[in-house]
Amino acid sequence: MKFAPSLVALSVLSGLSSQVSIAKDAEMETLVITSSRMEKPLSAIPNTVTVIDQAQLQQQLAATRDLSTIIGNLAPSFSPSRQKMTNTGETLRGRQPLIMIDGVPQSNPLRNGGRAGQTIDPMMIERIEIIHGANAMHGLGAQGGIINYITKKPSGHNESRVSFDVSAPTSFAADSLSFGANYAFSGTIGDVDMLGSASYHSNGVYYDANDDVIGVDSTQGESMDSQSKDFFLKFGYNFGESRLEFMVNHFNIDNNGDWMPVKGSFANNIATSAVKQRQPWQAANNEVTTSSLSYKHNNLAGQQLELQLFNQNFQGVYGGGCFASFYDPAFDGTTGLTSCDTGSNGENYFYDQSRNKSNKWGLKASLIANNIADSGVDLAYGIDLFRDTTEQDLVQTGRSWVPETRYDNIAPYAQLSFSPLKQLTISGGLRYEYAKLIVDDYKTLWASGDKQIAGGKPDFNQSLFNIGLSYNFTPSLRLYTSYNQGFGMADIGRILRDGASFPDTGASIETSLTLEPIVTDNYEFGLDYQHELLSTKIALYRSEAKLGARLAMNADGFYDVKREKSVIEGIEASVTGYLTDSDDLGMTLALQQGEYDSNEDGHIDTDLDGANIAPNRLNLFWEHRYSTDISSRIQANYFMNRDFETASGDQYAEFDGYVTVDASFNMPLYQGNLTLGIQNLLNRDYFGYYAQTVPNDNRYFKGMGRTFSVGFSLPF
């Protein structure tokens, strides 16, 4: 599907894409988007924004705890969840989003191992703010947009709450049971408030619609047959016109390692399955600690001061395998290594696995001046400092796969908002990015050429612009248009470890074009109609990158990065009808087309595949409120058929679309609240989008069959 460049090149900001029960302008005005850096009302944000509030989040959690699934249900330009520990290939508008917790980056752009979606338990989240499209509001990595998990805040009074949940597929097999518990408390003593929460969750074995065990991804990471724990604390101190707040969240998920994959066959339509057998390596896991110290002064010489010092410490262990990429003849016969398949030339292969380690430090400092000299001009300005130190090693042999890499970034910025007319708001800004990459001399693995690479300290600088306009024709009808630039780095780890990224002689990171940053231009145009009985939003966008970063799978199932020109165009639309005081009926639509330059002639010619772009998708829902406290929701997700073609018109992948239906019910019970949910209500048998569009016999997975969930929470 193609979109008219004359329309798409204009650009949009389609306001709120989430479904709000009652559509009133006043309600929209009070909804403040903290991810915008200016804390503006939603109607003043010149970007497409989706907000998943607490009520919507709880409604979705009744059927599934998978955050990627929840985001896709309410923001359909996000890729379908892979239902695994990994989120590789899950994109927003066809590009990688920057995932954050309270503004603290969770994504690992230096070595993106696809684990940024597994860093917090959903019970710790108050709402999710999604800003669609490339932007530079928070710096590195927001090529597809921003997904910011806003954590819960103290309630202002002393209370505790316990929550329990249990789920199981139709088969009700003993090993399929998933269950969890959460305890949370909130309290206030004078000017000090606090909130704490602890969660434990055990995932059982996943089954498809035919009651067959779904295959395990023992390499990239598997969420079935796993356990997760999360500990969260937040302390706040209010004094005068200031607030000091400390937040820490520690999340850990461990696969039990009790299942091994059984290879499927993409060509013969045989799904990858699993057999109960102990994995001969350390099972995949994630361990992440996110912390921040924030200070806010509401009146510093008439301005608002905000400071945030943050840290994120990430370690992700990936499952093992018998990979040619990890073979080295120097380790043949080494004691303690488990041998596996013999190579075609008689090599003695052995199991190995990788581990990503990343430590991020950052400081965000900003000042906000509203209505300067009664001119109607608002100004936000400040500076962001960021350091990311990342490496990837091999667990069994201790070899370095990606050398320790340090990324230092300094980015001053300024953002203006001005209303020359009551109906018109104009915004614009400038951000200057200076970045330095520091890598010592290193050697690639034997299978990657055993190349000696000279280290270095290449630096980059880029000025990034944005401009936006919104005009209210009437109190109900608004037009949005904007242009934003985003800044990011390609997955540096994949580039450094790939010997093909460097010439055979004189290899140096100083001269590698593949390390150049990604600058993405995002154009949008949209309309927003908001009325008591109807809410309609439509947005057209175009995203361009002259030197993008496409993921391409190699023979071992690992991804390499290809630096090519890419263009993505799309439409996002939503319609919600408030039929009665008790019934809402609505739909959201996302259509997108993406192509890249496969032969480096400057012209895009080949479709992006499922690892790089989401399917065309239509979501429908009906929500009914029986009373103030009792409600139900039925939602259907239609993933449309799609063919992927090369420049010559040859088809290289085909997606067979499917429809899934979910249902949830919420009601008070005793002094608490009961939720019931069903995922894949009609028990549709299907292969996932990623499995169909990125052919791999080891990852040809089916989706989960009908799964029932029950939850109960009780305050005391």
Side-chain angles (χ1 to χ4, degrees), residues 29-42 44-45 51 54 100-105 120 124-127 129 137-139 146 148-159 184-197 232-249 289-312 360-387 410-417 429 431:
E29 290 298 329
T30 59
L31 182 57
V32 174
I33 308 302
T34 61
S35 304
S36 70
R37 300 297 294 266
M38 293 187 77
E39 296 193 357
K40 285 286 187 178
L42 182 65
I45 304 277
V51 177
Q54 181 64 195
M100 304 190 298
I101 296 176
D102 288 345
V104 180
I120 190 170
M124 315 301 177
I125 300 172
E126 176 66 29
R127 71 181 186 277
E129 296 179 356
M137 293 178 187
H138 292 270
I146 292 170
N148 194 11
Y149 299 131
I150 308 298
T151 60
K152 292 182 176 179
K153 292 179 171 55
S155 61
H157 55 276
N158 299 331
E159 67 173 3
F185 69 88
S186 177
T188 302
I189 303 174
D191 294 326
V192 178
D193 52 55
M194 66 190 75
L195 183 147
S197 186
F232 174 76
L233 281 173
K234 181 178 286 187
F235 292 93
Y237 175 50
N238 298 298
F239 53 103
E241 296 183 280
S242 302
R243 177 174 174 81
L244 186 67
E245 185 173 275
F246 174 73
M247 180 275 291
V248 61
N249 186 80
T289 301
T290 303
S291 58
S292 71
L293 180 65
S294 302
Y295 173 74
K296 184 174 182 178
H297 194 298
N298 290 320
N299 187 7
L300 184 66
Q303 302 180 72
Q304 179 177 298
L305 171 68
E306 295 185 4
L307 298 172
Q308 184 187 36
L309 175 67
F310 65 82
N311 173 255
Q312 193 238 26
K360 303 182 188 68
W361 285 95
L363 174 66
K364 296 179 180 181
S366 62
L367 284 162
I368 302 172
N370 292 316
N371 194 23
I372 299 173
D374 293 324
S375 63
V377 174
D378 297 336
L379 171 66
Y381 60 101
I383 189 168
D384 293 343
L385 307 177
F386 181 70
R387 170 170 288 181
I410 301 173
Y413 74 93
Q415 187 76 24
L416 281 168
S417 179
R431 182 183 178 97

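Each residue takes its place number in the sequence, starting with 1. Just so you know, these numbers use all the heavy atoms, side chains as well, and skip hydrogens, waters and symmetry mates.
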Could you check whether any side-chain N or O of [X] sits under 3.5 Å from a backbone N or O of [Y], counting only pairs where one atom can act as donor and the other as acceptor?
X: Asn311; Y: Lys360; result: yes
X: Asn298; Y: Gln304; result: no
X: Gln54; Y: Glu126; result: yes

Could you pull out the closest heavy-atom pair between [X] and [Y], with the gap in Å?
X: Val104; Y: Ser292; value: CG2-CB, 4.0 Å
X: Met124; Y: Ser197; value: SD-OG, 3.3 Å
X: Ala380; Y: Tyr413; value: O-CE1, 4.1 Å

Output the distance between atom [atom1] ([X]) and atom [atom2] ([Y]), rounded to the nearest 0.5 Å.
X: Asn370; Y: Asp378; atom1: CG; atom2: CG; answer: 4.5 Å
X: Leu195; Y: Phe232; atom1: CG; atom2: CZ; answer: 5.5 Å
X: Ser366; Y: Leu307; atom1: OG; atom2: CG; answer: 7.5 Å
X: Ile146; Y: Met137; atom1: CD1; atom2: CE; answer: 6.0 Å

Partner residues of [X] under the side chain to side chain donor-acceptor pair (under 3.5 Å) criterion, sequence neighbours left out:
X: Tyr237; answer: none
X: Asn158; answer: none
X: Asp384; answer: Arg37, Arg431
X: Glu241; answer: none

Query raised in the report: Are the side chains of Phe246 and Leu233 in touch, meaning some heavy atoms are under 4.5 Å apart?
Result: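 No - every pair of side-chain heavy atoms lies 4.5 Å or more apart.
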
Requested in this report: Report yes if some heavy atom in the side chain of Ile372 is under 4.5 Å from a heavy atom in the side chain of Leu379; otherwise report no.
Outcome: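 Heavy-atom side-chain distance check passes, below 4.5 Å.
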
For residues 150-157, dump all side-chain donor-acceptor pairs below 3.5 Å to protein atoms at least two apart in sequence or in another chain.
residue	atom	partner	partner atom	Å
Thr151	OG1	Asp102	OD1	3.3
Thr151	OG1	Asp102	OD2	2.5
Thr151	OG1	Lys234	NZ	2.8
Lys152	NZ	Met123	O	3.0
Ser155	OG	His157	O	3.0
Ser155	OG	Ser186	OG	3.3

Query raised in the report: Yes or no on side chain to side chain contact (heavy atoms under 4.5 Å, CB included) for Leu305 and Tyr295, after CA distance, side-chain angles and deciding distance?
Result: CA-CA 8 Å; Leu305 171 68; Tyr295 173 74; 4.0 Å; yes

Qualifying residues under side chain to side chain contact (heavy atoms under 4.5 Å, CB included), relative to [X], sequence neighbours excluded:
X: Gln303; value: Leu367, Ala369, Tyr381
X: Thr289; value: Val248, His250
X: Leu385; value: Leu363, Ile383, Ile410

Requested in this report: Test Met194 against Phe185 for side chain to side chain contact (heavy atoms under 4.5 Å, CB included), laying out the working first.
Outcome: CA-CA 8 Å; Met194 66 190 75; Phe185 69 88; 4.1 Å; yes

Report task. Output all residues satisfying salt bridge (Lys or Arg N to Asp or Glu O under 4.0 Å) with Arg243, sequence neighbours left out; order by chain, then residue number. Result ->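 Counting only residues at least two positions away or on another chain, Arg243 forms a salt bridge (Lys or Arg N to Asp or Glu O under 4.0 Å) with Asp193, Glu245.
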
Report task. Tell me, with the steps shown, if Leu293 and Leu244 meet side chain to side chain contact (heavy atoms under 4.5 Å, CB included). Result -> CA-CA 7 Å; Leu293 180 65; Leu244 186 67; 4.1 Å; yes

Query - Positive for side chain to side chain contact (heavy atoms under 4.5 Å, CB included) with Ser294, one of Lys364, Gln308, Met247 - result: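 Of Lys364, Gln308, Met247, side chain to side chain contact (heavy atoms under 4.5 Å, CB included) with Ser294 is met by Gln308 alone.
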
